[in-house]
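Quick caveat: nothing in here was measured; it's all calculated off a predicted structure. Heads up: numbering here begins at 1 and tracks the sequence.
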Amino acid sequence: MTRFAWLVTMALLASGTVACGDSGPEGPGSFAATVAVVGQPAGAVVIHVTGEGLRSFEGTGDTHVFATELASAEGVRRLVAVSESGSIGFRVHVDKVELGFPVAVVTDAAGTDNLPRGPAGLTVEFSN
């Protein structure tokens, strides 16, 4: 192998190593969340969100959100999300996006008719 070919090979390997080491964005940011529904639509849900560095929550579309930290569990927030249309979406603002998505569990829900619906068939899906 000529010296030039060796240098080109080393340069390509070095650039590949640098590119592979990029783990994505770091620091403060947010994730989009939607409540996926199987069965009867939900007009309001209670969600327990667990994660490190949770900052705040913001409704999207016609969703209004209200959140509080649970006194009984550190790092867990109780979120109530209400949507007249039944299309529940919100953003979760965090200190460190590199930690990944928080964990969210729907614990209770009401239908768009304001009658108890329960959490069955409701999950929270996150995206960037």
Side-chain angles (χ1 to χ4, degrees):
M1 179 181 281
T2 67
R3 183 178 172 141
F4 179 74
W6 182 83
L7 287 172
V8 169
T9 302
M10 291 297 114
L12 288 173
L13 287 173
S15 67
T17 302
V18 171
C20 291
D22 184 15
S23 61
E26 294 183 359
S30 65
F31 300 113
T34 56
V35 175
V37 179
V38 174
Q40 177 189 5
V45 294
V46 177
I47 304 168
H48 285 184
V49 182
T50 305
E52 188 177 324
L54 298 173
R55 286 181 151 189
S56 62
F57 301 88
E58 173 186 10
T60 58
D62 74 337
T63 302
H64 298 280
V65 296
F66 309 90
T68 187
E69 189 165 356
L70 290 181
S72 61
E74 188 175 325
V76 180
R77 302 279 180 94
R78 177 177 289 144
L79 174 74
V80 177
V82 181
S83 167
E84 191 173 322
S85 70
S87 179
I88 298 174
F90 57 95
R91 293 199 71 76
V92 179
H93 300 278
V94 297
D95 287 333
K96 297 180 178 182
V97 294
E98 64 269 22
L99 296 178
F101 300 140
V103 175
V105 177
V106 178
T107 60
D108 204 359
T112 52
D113 56 4
N114 288 330
L115 295 175
R117 180 212 183 280
L122 299 173
T123 56
V124 179
E125 298 176 348
F126 288 99
S127 62
N128 290 329

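Residues Pro119 and Thr107 fail the side-chain proximity criterion, which asks for heavy atoms closer than 4.5 Å. With a 4.5 Å cut-off on side-chain heavy atoms, Leu79 and Phe66 do not count as touching. Looking at Arg77 and Val92, their side chains never come closer than 4.5 Å, going by heavy atoms from C-beta outward. Taking the side chain as every heavy atom from C-beta outward, Ile47 and Val124 approach each other to under 4.5 Å.
With rounding to the nearest 0.5 angstrom, the CD1 atom of Ile88 is 11.5 Å from the NE2 atom of His64. In this structure, His93 NE2 and Glu58 CD are separated by 4.0 Å, a value rounded to the nearest 0.5 Å. In this structure, CZ on Phe31 lies 9.0 Å from CZ on Arg91, to the nearest 0.5 angstrom. Here the CZ-OG1 distance, from Arg78 to Thr68, works out to 8.0 Å after rounding to the nearest 0.5 Å.
Between Glu69 and Gly75, the shortest heavy-atom contact is OE2-N, 4.0 Å. Across every non-hydrogen atom of Phe126 and Pro102, the tightest pair is CE1-O, 3.4 Å.
Thr112 places no side-chain N or O within donor-acceptor distance of the main-chain N or O of Pro41, the cut-off being under 3.5 Å. Judged by distance alone, the side chain of Thr63 and the main-chain N or O of Ser87 form a donor-acceptor pair under 3.5 Å. Side chain of Glu98 to main chain of Gly27: a donor-acceptor pair is present (N/O by atom type, distance under 3.5 Å, no hydrogens or angles).
The number of heavy-atom neighbours closer than 6.0 Å to CG of Asn114, taken from other residues, nucleotides and ligands shown, is 12 or below.
Taking hydrophobic clusters as Ile, Leu, Val, Met, Phe, Trp and Tyr residues chained together by side-chain heavy-atom distances below 4.5 Å, Val45 shares a cluster with Phe101.
Looking at residues two or more places apart in sequence or on another chain, you find a salt bridge (Lys or Arg N to Asp or Glu O under 4.0 Å) between Asp95 and Arg55.
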